[in-house]
Amino acid sequence: LTIPEIQEAFKMYVAREFPQIKVFRILDCVSVGEVLDAYKSFRNESLRIYSQKKTELLNAPKQVTDQDRAAIRESFLKTVFDELKEHKYFPDAWLLFDELEASGTIKISNQDKEFQYKTEQLRYLKTLEEEYAKRPHSAIAKSDLNTARETIRQGKRLNIVKNKCRSIAVSEYLNRFTDDYDSFLEIFKK
């Protein structure tokens, strides 16, 4: 214990804040030990409560406000605009697909979707096979290739391919509006 802590312990002792210790006794080594033990117990309990509250506050999820959501969306749309203007394609544009399709902005027939998916699936498999051919001892490349083949064999769709198709569709559509950022934003206000 530090000197200020010992002083605080005896102030609490005199103020009768330790109910388990009698105050009017002769001050000897035993009573000093009892006071300091009581103070350490008090301090440890106080610190435990403080630590618990601190942990709860640190682990509590941050509440995202509508203003935060709007700022995140604005930032994302600006990133999409800049990437499309520079590269004509944005790999994360698929995040806007459902919104644009639901609003009727993007209209793609099921046949076109199926054709695009099959084309991109073949490209994706070819990429995986090339990667595996470059590094035949790579467990990751082999696992990726086997997982993709197994998913296709089961008749399921690969999410990475679906998202690639959606990114292509959104990028192709939005590339028409990369001249002016304000006209680009108007698409999302429909």
Donor-acceptor contacts, no H, no angles, side chain residues 141-148, under 3.5 Å, sequence neighbours left out:
unit_1: N146; atom_1: ND2; unit_2: K142; atom_2: O; d: 3.3
unit_1: T147; atom_1: OG1; unit_2: S143; atom_2: O; d: 2.7

[atom1]-[atom2] distance between [X] and [Y], expressed to the nearest 0.5 angstrom:
| X | Y | atom1 | atom2 | result |
| --- | --- | --- | --- | --- |
| L100 | L95 | CG | CG | 11.0 Å |
| L36 | E34 | CG | CD | 10.5 Å |
| F90 | L174 | CZ | CG | 11.0 Å |
| Y124 | L158 | OH | CG | 6.5 Å |
| I160 | C165 | CD1 | SG | 11.0 Å |
| S183 | F81 | OG | CZ | 7.0 Å |

Which of I187, I72, L185 passes side-chain contact (heavy atoms from CB on, under 4.5 Å) with L77? It is L185
| said: Donor-acceptor pair, distance only, cut-off 3.5 Å: does the side chain of S75 make one with the backbone of A71? | reply: no
Qualifying residues under side chain to side chain donor-acceptor pair (under 3.5 Å), relative to [X], sequence neighbours excluded:
| X | result |
| --- | --- |
| Q154 | E150, K156 |
| T2 | E5 |
| N159 | K162 |
| N175 | none |

Would you please name every residue forming a side chain to side chain contact (heavy atoms under 4.5 Å, CB included) with [X], sequence neighbours left out?
| X | answer |
| --- | --- |
| L122 | none |
| A169 | F97, I108 |
| L47 | R43 |
| E172 | I168 |

Taking atom [atom1] as the centre, does [X] end up with more than 12 heavy-atom neighbours from other residues, nucleotides or ligands that are less than 6.0 angstrom away?
| X | atom1 | result |
| --- | --- | --- |
| E130 | CD | yes |
| F10 | CZ | yes |
| F42 | CZ | no |
| I140 | CD1 | no |

Exercise. State which residues pass salt bridge (charged side-chain N to carboxylate O under 4.0 Å, His left out) with D66; sequence neighbours excluded, sorted by chain then number.
Key: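 Once residues adjacent in sequence are excluded, the partners of D66 under the salt bridge (charged side-chain N to carboxylate O under 4.0 Å, His left out) criterion are R69.
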Taking every heavy atom of A93 against every heavy atom of S167, the minimum-distance pair comes out as N-OG, 3.7 Å
Would you say M12 and V32 are hydrophobically clustered, going by side-chain heavy atoms of ILVMFWY under 4.5 Å? yes
Any heavy-atom pair between the side chains of K40 and D37 that's under 4.5 Å?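 Counting from C-beta outward, D37 and K40 do come under 4.5 Å.
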- [ ] For the pair K126 and E129, find out whether any cationic side-chain nitrogen is under 4.0 Å from an anionic carboxylate oxygen.
- [x] no
In short, side-chain hydrogen bond (donor to acceptor under 3.5 Å, both in side chains) pairs touching residues 106-119 with sequence neighbours left out are E101-K113, S109-D112, E114-R157, Q116-E120, Y117-Q121
Which pairs count as side-chain hydrogen bond (donor to acceptor under 3.5 Å, both in side chains) when at least one residue sits in residues 79-94, sequence neighbours excluded?
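Listed by first then second residue: K78-D82.
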Stepwise side chain to side chain contact (heavy atoms under 4.5 Å, CB included) test for R166 and D98:
CA-CA 9 Å; R166 290 173 177 181; D98 289 336; 4.2 Å; yes
Inset, instruction - Before giving the answer on side chain to side chain contact (heavy atoms under 4.5 Å, CB included), spell out for V170 and V80 the whole-Å C-alpha distance, their side-chain angles and the decisive distance to 0.1 Å. - result: CA-CA 10 Å; V170 171; V80 171; 5.8 Å; no
Review point. Taking the inter-plane angle between the rings of Y173 and F177 on a 0 to 90° scale, is it parallel (under 30°), tilted (30 to 60°) or perpendicular (over 60°)?
Key: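 Because their plane-to-plane angle lies in the 30° to 60° range, the rings of Y173 and F177 count as tilted.
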query = Going through the checks in order, is the salt bridge (charged side-chain N to carboxylate O under 4.0 Å, His left out) test met by E45 and R48?
reply = CA-CA 5 Å; E45 181 64 22; R48 187 187 63 75; 2.5 Å; yes
